[in-house]
Amino acid sequence: QVQLVESGGGSVQAGGSLRLSCAVSGYTRSSLGWFRQAPGKEREGVAFIYTDGGHTIYADSVQGRFTISRDRAKNTVALRMNSLKPEDTAMYYCAADLNLADVQRRGGTWSDISANYWGQGTQVTVSS
């Protein structure tokens, strides 16, 4: 059984930093990523890391501010968030077994990226 458990959310002022972490169990060879959903908005992909850990991709809105990384030994994935903005406020979800290859093969878009396994989410609130 695949389980993903997020931690590290919280409240911070604009310009601050947070680090989210996700412990993955039951599925070790998988692409991993983070999504977020703000109230009244659709879920959106934030950052993804491929199975080999050597390739990462980011949403335009977080490029240069967020960094995704994975620790194979601990089977965790982290999201370091710097220069946070009020518009980053959302519930953040860890995800595993992404459809990255399928989306790329059929010429899909960023919004087509999804996952088969999801965590429960951790809240991030950025105040101005």
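Residue indices begin at 1 and follow the sequence shown.
Checked by atom type and distance alone, the side chain of Ser30 pairs as donor or acceptor with a backbone atom of Asp97 at under 3.5 Å. Asn99 contributes a side-chain N or O that, together with a main-chain N or O of Asp112, makes up a donor-acceptor pair within less than 3.5 Å. A donor-acceptor pair under 3.5 Å links the side-chain atoms of Arg70 to the main chain of Tyr50, judged by distance alone. Within the 3.5 Å criterion, the main-chain N or O of Ser127 finds no donor-acceptor partner in the side chain of Gln13. Put simply, the side chain of Glu44 never gets that close to the backbone of Ser111: no donor and acceptor are under 3.5 Å apart. Looking only at distances, a side-chain donor or acceptor of Asn75 sits under 3.5 Å from a matching main-chain atom of Val24. At least one donor-acceptor pair under 3.5 Å links the side chain of Ser31 to the backbone N or O of Leu98.
Linking ILVMFWY side-chain heavy atoms closer than 4.5 Å, directly or via other members, places Trp118 and Val2 in two distinct hydrophobic clusters. No continuous path of ILVMFWY side-chain contacts below 4.5 Å connects Ile57 to Val62, so the two sit in separate hydrophobic clusters. Under the 4.5 Å side-chain heavy-atom criterion for Ile, Leu, Val, Met, Phe, Trp and Tyr, Leu79 and Tyr117 are members of the same hydrophobic cluster. Linking ILVMFWY side-chain heavy atoms closer than 4.5 Å, directly or via other members, places Leu100 and Val77 in two distinct hydrophobic clusters. In terms of hydrophobic clustering, with Ile, Leu, Val, Met, Phe, Trp and Tyr side chains grouped at heavy-atom distances under 4.5 Å, Val46 and Ile113 are assigned to different clusters.
Between Leu20 and Tyr93 there is no side-chain heavy-atom pair separated by less than 4.5 Å. Contact check for Asp60 versus Trp110: no side-chain heavy atoms found under the 4.5 Å cut-off. Under the 4.5 Å side-chain criterion, counting only non-hydrogen atoms from C-beta, Arg65 is not in contact with Met81.
The line from OG of Ser83 to CG of Asp88 is 9.5 Å long, rounded to the nearest 0.5 Å. Put simply, CD1 on Ile49 and CH2 on Trp34 are 12.0 Å apart, with the number rounded to the nearest 0.5 Å.
Looking at Arg105 and Asp102, a side-chain N of the basic residue comes within less than 4.0 Å of a carboxylate O on the acidic one, giving a salt bridge.
Considering all non-hydrogen atoms of both residues, Ala14 and Ser128 come closest at CB-CA, 4.3 Å.
Taking the six-membered ring for Trp, Phe48 and Phe35 have ring centres closer than 6.0 Å.
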With side-chain contact (heavy atoms from CB on, under 4.5 Å) as the test, would you mind laying out the steps for Arg36 and Ser61 before giving the verdict? CA-CA 12 Å; Arg36 67 186 181 186; Ser61 58; 3.4 Å; yes
